[in-house]
Structure formats: C-alpha cells, structure tokens
Amino acid sequence: YPELPVPAGWREKVKGAIRSREAGLAAGRLRGLAGLLLGCVPPLRSAALLDVLRLDLAVRGRVLDLGCGRGEVLSRLAGLGWDALGIEPNRRAAGIASAKGLKVINARFEDVELAPDSFDAVILNHVLEHLADPVGALRACRGWLRKGGRLAVLTPNPGSLGHKLFAGSWQPLDPPRHYFLFSSGALSLAAEKAGFSVRSVTVHSGDAAVVFRNSAALCLRREQERVPGLRLAANCFMAVSRGLSGLGLGEELLLSAEKR
C-alpha cells in the first residue's frame with residue numbers, strides 16, 4: 001500500500017488513528033484529534049482505508065477474510081470492533097494468525113461449512129487470482145453474506161504501468177500460482193455472474209515499490225541487493241504509480257460489491 005514518509009511504527013499509528021475515527025471508536029483526546037486532522041489529508045485517509053479494503057468501518061459487524069494469510073487485515077478489523085473470522089489453507093500462515101488471538105479456520109474454503117446469510121462483509125485480499133474457479137468462489141461468498149452485505153476484492157491490475165514496463169517479468173503474473181488476472185471489466189463481470197451488484201472498481205498504486213523491485217530482479221535475473229540504485233528507482237516508481245492510478249495504471253484493482 002502507499003507508504004507514508006514516516007517510520008513504519010509511526011506510519012501504522014497514523015493510519016490506525018484515522019481508521020479508529022472512521023469506525024467511530026472512543027479514543028483519547030489527542031488520538032481522536034489526530035484521527036480527525038489526519039483524515040482530512042486525502043492521501044493519508046486513502047492509505048489507511050485501503051489497508052482494510054475500504055470497508056465501511058462504522059458497521060462493525062461480522063467479517064470473513066477468505067485467504068487471510070498471517071492475519072494482517074483480519075487483525076486490523078478485529079481491533080476496530082469487527083467480529084472477524086479468517087479462512088486460510090496454509091498451515092503455517094494460519095498458525096501465525098491464530099497466535100495473534102484471531103479466529104482462523106485452517107482449511108480450503110471449499111471444505112468449510114458456514115451458516116448462510118451470516119456475515120456483513122467478505123474480503124479477498126490478493127486471493128481471487130489464485131483460485132481455479134473465481135466465479136464459484138464469489139458465489140460461495142454471496143451465500144455467506146446477508147442481504148446488502150459487502151464484498152471487497154483486491155487483486156493485481158494487468159493494465160498497470162508495471163505490467164507495461166516489465167511485460168513477462170512483471171512479478172504479479174506469478175505463474176503457476178496465479179490462475180487469472182482481471183481487467184476492471186472482467187472483475188466486474190465475475191462479480192455480477194456470482195449475483196453481486198457492483199458498486200465500484202477503483203485503481204490503486206498498492207505495493208508498487210515492492211512490485212518494481214521484484215520485477216526488476218526477475219527481468220535482470222539478479223538478486224535485488226546486487227542491482228545498484230534499485231531502491232531509489234522503486235521509490236520513484238511508487239510516486240509515479242500514485243500519480244497515474246487515476247488513469248488506470250496503478251498496480252491493484254479494488255472491487256466493492258453488494259449482495260442483491
């Protein structure tokens with residue numbers, strides 16, 4: 001996600017204050033004022049909310065994170081008062097998430113039985129591209145959602161500047177782990193076929209600096225540490241990616257949809 005020009009620990013505190021304000025959580029006077037003021041800065045607010053896939057934080061209902069990994073997003077949502085559940089097939093990642101005190105089921109989502117109409121939101125954070133039947137997966141998500149419940153999907157953008165620059169060395173292609181990459185139109189169509197009403201598909205810079213470093217190393221067939229000036233070039237690429245996201249050239253797509 002877009003990096004703020006402050007140390008990592010403070011960066012998360014800044015974004016956390018903004019998210020707490022958005023969620024309507026009680027906070028100390030200083031933290032509450034900081035959240036109010038920082039939330040008025042569009043890039044800061046955008047970065048903070050993208051970290052939770054732009055869910056309406058004030059809902060604070062039940063959320064399912066399909067493919068929750070080590071629980072980064074799940075932990076943020078649980079800390080904001082959501083009743084958060086994750087599904088993660090990788091045993092090691094699921095164990096790390098569980099060790100944080102999070103509720104995680106270590107299984108493939110196809111093997112999990114959950115009550116229908118029981119969640120207010122379902123999120124897939126860089127998961128849909130890994131699935132052999134993405135429409136089938138979205139249909140399963142729809143079944144778990146209550147009417148009016150929200151679906152949020154974050155996935156690589158094949159129309160990005162990085163893909164145009166690195167072509168076959170663009171790291172998010174990631175064969176054979178990625179089955180599909182979606183244009184904004186294809187992502188909308190998949191959600192609609194699964195029975196959702198699409199609210200928006202937006203483009204974001206995402207981890208553009210990381211994508212640049214990984215892609216450059218693949219292109220040059222060298223370890224990142226052995227590429228002079230790579231970190232500086234990656235930071236410049238991040239700035240350019242932010243500026244061009246409005247033209248559809250950012251590294252990630254974020255779909256927001258609603259159960260009809």
Side-chain angles (χ1 to χ4, degrees), residues 1 50 53 64-74 86-94 97 104-114 119 121-145 150-196 198 200-208 210-219 241 248-257 259:
Y1 305 114
L50 193 59
L53 280 70
L64 175 66
D65 188 347
L66 188 62
C68 67
R70 298 181 179 187
E72 288 88 352
V73 179
L74 199 66
I87 298 175
E88 174 51 51
N90 183 281
R91 181 177 298 177
R92 183 170 181 273
V104 178
I105 300 172
N106 177 211
R108 300 189 319 151
F109 82 90
E110 298 94 333
D111 301 325
V112 175
E113 292 187 9
L114 297 172
F119 289 91
V122 176
I123 62 174
L124 294 89
N125 183 20
H126 284 273
V127 169
L128 196 65
E129 61 271 20
H130 291 269
L131 304 179
D133 182 10
V135 174
L138 294 179
R139 286 197 183 107
C141 293
R142 184 183 182 279
W144 294 324
L145 279 168
R150 296 297 175 82
L151 171 75
V153 178
L154 195 65
T155 190
N157 174 24
S160 73
L161 178 63
H163 193 193
K164 297 180 188 300
L165 179 62
F166 290 106
S169 296
W170 187 53
Q171 181 264 327
L173 291 174
D174 201 13
R177 299 195 320 133
H178 287 179
Y179 287 94
F180 299 97
L181 292 179
F182 303 86
S183 66
S184 58
L187 188 59
S188 292
L189 182 60
E192 289 168 354
K193 282 189 172 183
F196 286 96
V198 175
S200 65
V201 178
T202 51
V203 181
H204 303 274
S205 57
D207 280 322
V210 175
V211 169
F212 185 94
R213 292 197 299 268
N214 291 340
S215 301
L218 285 172
C219 184
S241 179
L249 295 174
E251 296 300 308
E252 293 179 337
L253 297 175
L254 176 63
L255 174 135
S256 176
K259 180 175 177 177

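Positions are given from 1, in the same order as the sequence printed here.
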Atom OH in Y179, atom CD in E129: separation rounded to 0.5 Å?
12.5 Å
I want to check something: taking the side chain as every heavy atom from C-beta on, are F196 and L145 in contact at a cut-off of under 4.5 Å?
yes
Is there a donor-acceptor contact under 3.5 Å from the side chain of E251 to the main chain of G162?
yes
Quick one: does any side-chain atom of N90 pair with a main-chain N or O of G69 as donor and acceptor, under 3.5 Å?
no
Going by heavy atoms in the side chains, are L64 and F109 under 4.5 Å from each other?
no
Would you say that more than 12 heavy atoms from the other residues, nucleotides or ligands in this model lie under 6.0 Å from the CZ of R142, or not?
yes
If the plane angle is over 60° it's perpendicular, under 30° parallel, otherwise tilted; pick one for F166 and F212.
perpendicular
If you define the side chain from C-beta out and look only at heavy atoms, does anything of L138 sit under 4.5 Å from K193?
no
Do any N or O atoms from the side chain of H204 and from the backbone of E252 form a donor-acceptor pair under 3.5 angstrom?
no
Shortest non-hydrogen contact from G250 to V203?
N-CG1, 3.3 Å
Does the side chain of V211 come within less than 4.5 Å of W170's, by heavy atoms?
yes
Decide yes or no for N157 and H163: does some side-chain heavy atom of the first lie under 4.5 Å from some side-chain heavy atom of the second?
no
Side chains of S241 and L161: does their closest heavy-atom pair fall under 4.5 Å?
no
Kindly indicate whether the side chain of R70, heavy atoms from C-beta on, has any atom under 4.5 Å from the side chain of R92.
yes
All heavy atoms of V104 vs all of C68, minimum pair found to be CG1-SG, 3.9 Å
Heavy-atom check, side chain of F119 versus side chain of L114, under 4.5 Å
yes
For C141 against L66, the heavy-atom pair lying closest together:
SG-CD2, 3.8 Å
Looking at every heavy atom in both G67 and V127, which two are closest together, and how far apart are they?
O-CG2, 3.6 Å
What closest approach, in Å, do H178 and P172 show between heavy atoms, and which atom pair accounts for it?
ND1-O, 2.6 Å
Between the CG atom in L253 and the OG atom in S183, the distance rounded to the nearest 0.5 Å is 8.0 Å
Specify the closest pair of heavy atoms between A93 and E88, including all atoms of both residues, with the distance to one decimal.
CB-CG, 4.0 Å
Do L124 and L151 pass the side-chain contact (heavy atoms from CB on, under 4.5 Å) test, and can you show the C-alpha distance, the side-chain angles, and the key distance before you say yes or no?
CA-CA 8 Å; L124 294 89; L151 171 75; 3.6 Å; yes
